[in-house]
Number of protein chains: 2
Amino acid sequence: MVPTFVPSDAHVDSGDDEREVRSPTAETLMEAALVLFAARGYAGTSVRAITEAAGANLAAVTYHFGSKEALFEAVLASILVPVGREIRQAHQGPGSPLERIRSVVAALLRYMGRQPEYPRLMLQQLSSTGLPHPVVRRTISGSLGRLRSLVEEGQRDGTIRPGDPTLMAVSLMSQPVHMSVVARPLQEIAGIPGEADALIDRMAEHAAEFAVRALEAREETNA
Amino acid sequence: MVPTFVPSDAHVDSGDDEREVRSPTAETLMEAALVLFAARGYAGTSVRAITEAAGANLAAVTYHFGSKEALFEAVLASILVPVGREIRQAHQGPGSPLERIRSVVAALLRYMGRQPEYPRLMLQQLSSTGLPHPVVRRTISGSLGRLRSLVEEGQRDGTIRPGDPTLMAVSLMSQPVHMSVVARPLQEIAGIPGEADALIDRMAEHAAEFAVRALEAREETNA
DNA sequence: CCCCTATTCATACAAACGTTTGAATTAACT
DNA sequence: AGTTAATTCAAACGTTTGTATGAATAGGGG
């Protein structure tokens with residue numbers, strides 16, 4: 001059964017920057033679990049596989065996290081914090097709305113492209129039925145909100161064309177998430193040569209340009 | 001274990017349009033399996049869940065398909081054929097390259113948005129590590145090739161701006177796949193009101209416009 | 001009616017699953 | 001050295017997993 005999410009409101013998030021303190025074993029377990037969950041999914045990853053990869057005892061997951069599902073949630077939360085931060089930073093940067101949108105898209109793609117486990121886990125959540133885990137939902141909803149506000153700002157000062165700001169934000173978000181995930185298989189499928197990191201950089205440039213072009217207001221419309 | 005794909009070259013595909021003939025039970029199994037695989041993933045779906053949903057005996061999967069994995073491959077192949085056909089039709093339609101790109105994006109999004117299992121299964125394949133199943137790879141590679149050739153055609157006649165046609169094709173493809181999958185969760189996350197089908201239609205319009213704007217050559221560049 | 005092939009069915013199997021248990025080990029403090 | 005708490009460990013628990021088996025049930029031609 002896929003982890004479902006009884007509200008479990010016993011959880012603090014107000015400060016958005018708590019330093020979770022964990023034993024070394026717990027850290028190692030989370031690192032191993034991240035890789036395996038991203039590669040094979042939640043149901044496809046056994047507790048035994050995780051503990052073996054981490055060099056820990058089979059009972060370590062139950063002892064340190066309580067259950068496999070709790071470990072999964074901890075992993076999910078741990079990766080979404082930096083993703084949210086990445087977007088927040090680029091969002092608060094200098095420049096016009098369009099320029100900031102460009103840097104959000106490029107930065108996000110570069111970040112995720114180098115940690116492919118992150119977007120993979122996000123996509124796994126999105127592509128199952130039922131609502132994604134609340135921690136995923138919160139991050140996505142926050143990031144979409146920031147992107148939408150950038151779009152609206154640009155629409156107000158006339159540099160961004162009219163259109164539904166929410167859908168525009170979704171399109172912006174889909175580029176980094178989708179492309180960072182397909183980058184690796186794409187090298188084989190489409191026969192793209194070269195180093196993986198170089199491809200990510202090219203993709204970041206491309207996606208940012210693609211996004212800006214799609215949004216900017218024409219200088220010479222029929223007005 | 002996620003289905004891996006020993007080449008298994010004993011498989012005919014030349015004609016691209018074989019009418020697979022199956023018993024009614026096999027058909028029912030595939031329909032039930034499609035829904036469950038898309039909802040919970042391969043590892044998260046048990047043979048018992050499939051046969052129960054199909055109203056068939058537990059042994060039916062082994063008898064009709066040989067194994068759970070073979071059933072999965074049959075399901076995968078069955079959904080990718082119509083997806084490939086959808087793209088091929090829009091690709092061969094009338095109009096300029098940009099207009100045909102617009103209708104590929106819109107048609108694909110409308111099609112997938114109404115059969116969410118299709119893009120879900122595709123994304124599941126893409127978001128695991130390791131190469132996707134060959135049948136997925138072939139469809140994606142074919143579709144990307146068609147999109148890329150449209151882009152190149154438009155670049156030749158000057159209606160599409162310069163840029164890497166392969167990356168452009170990937171961006172085009174990512175819009176329908178990604179948006180059709182996130183449509184449902186997005187209604188809750190972003191609080192989009194209205195009927196699901198109406199949202200799909202709005203998304204199709206939006207994504208097509210987004211794509212065309214991103215690609216078209218400016219009439220008034222500094223040339 | 002009988003035989004033959006195709007399909008369904010209940011049941012069984014070994015393997016893998018997440019979790020529990022209680023003893024062994026480690027580390028810190030008195 | 002002695003006490004206590006935290007952690008690790010090997011083993012076992014009861015389920016659930018995918019697949020195999022052999023008997024039961026059809027449905028046509030002879």
Side-chain angles (χ1 to χ4, degrees), chain A residues 1-6 8 19-76 121 124 128 130 133, chain B residues 1-6 8 19-76 121 124 128 130 133:
Chain A
M1 182 67 78
V2 160
T4 51
F5 56 86
V6 277
S8 90
R19 204 60 60 216
E20 282 274 11
V21 44
R22 293 187 206 274
S23 81
T25 306
E27 299 273 9
T28 314
L29 283 173
M30 286 181 64
E31 290 165 22
L34 167 61
V35 173
L36 291 171
F37 282 143
R40 309 206 234 279
Y42 176 82
T45 303
S46 68
V47 172
R48 282 168 178 83
I50 297 171
T51 51
E52 272 168 37
N57 186 271
L58 172 59
V61 165
T62 304
Y63 179 77
H64 286 281
F65 296 90
S67 70
K68 177 190 178 186
E69 187 171 327
L71 167 60
F72 182 74
E73 296 183 20
V75 168
L76 221 45
L121 274 184
Q124 281 175 18
S128 316
H133 194 281
Chain B
M1 182 68 77
V2 160
T4 51
F5 56 88
V6 277
S8 89
R19 203 59 61 217
E20 283 273 12
V21 46
R22 292 187 207 276
S23 83
T25 306
E27 299 272 10
T28 314
L29 282 173
M30 285 180 65
E31 289 165 23
L34 167 60
V35 174
L36 290 170
F37 282 144
R40 309 207 233 279
Y42 177 82
T45 303
S46 69
V47 173
R48 280 168 180 82
I50 297 171
T51 51
E52 273 169 36
N57 187 271
L58 171 60
V61 166
T62 305
Y63 178 77
H64 286 281
F65 296 90
S67 70
K68 176 189 178 186
E69 186 172 327
L71 167 59
F72 181 75
E73 295 184 20
V75 168
L76 220 45
L121 273 184
Q124 280 176 20
S128 317
H133 194 280

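None of the values given here were measured: they were computed from a predicted structure. Numbered from 1 within each chain, the chains take letters A, B, ... in sequence-line order.
For B/Ser23, no side-chain nitrogen or oxygen approaches OP1 or OP2 of C/dA6 to under 4.0 Å.
Whole-Å rounding puts the B/Phe65 CZ to C/dT7 P distance at 12 Å. Separating the OH atom of A/Tyr63 from the C1' atom of C/dT25 is a distance of 12 Å, rounded to the nearest angstrom. Atom CG in B/Leu29 sits roughly 12 Å away from atom C1' in C/dT8 (whole-Å rounding). In this entry the distance linking CG of A/Leu36 with P of C/dG18 reads 12 Å, nearest Å. Rounded to an integer number of Å, the gap from NE2 of A/His64 to C1' of D/dC9 is 12 Å.
Residues A/His133 and A/Glu73 meet the side-chain proximity criterion, which asks for heavy atoms closer than 4.5 Å. At a threshold of 4.5 Å between non-hydrogen side-chain atoms, the residues A/Met30 and A/Phe72 do not count as touching. The shortest side-chain heavy-atom distance between B/Leu121 and B/Leu34 falls under the 4.5 Å cut-off. At least one side-chain heavy atom of A/His64 sits less than 4.5 Å from a side-chain heavy atom of A/Ser23.
When each of A/Val75, A/Leu71, A/Val35 is checked for a side chain to side chain contact (heavy atoms under 4.5 Å, CB included) with A/Ile50, only A/Leu71 meets the rule.
Judged by the 6.0 Å and 45° rule, B/Lys68 forms a cation-pi pair with B/Tyr42.
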Checklist line | Nucleic acid footprint by protein, nucleotides 17-26 of chain D - heavy-atom cut-off 4.0 Å, B for base, S for sugar-phosphate alone | finding: BBBB------
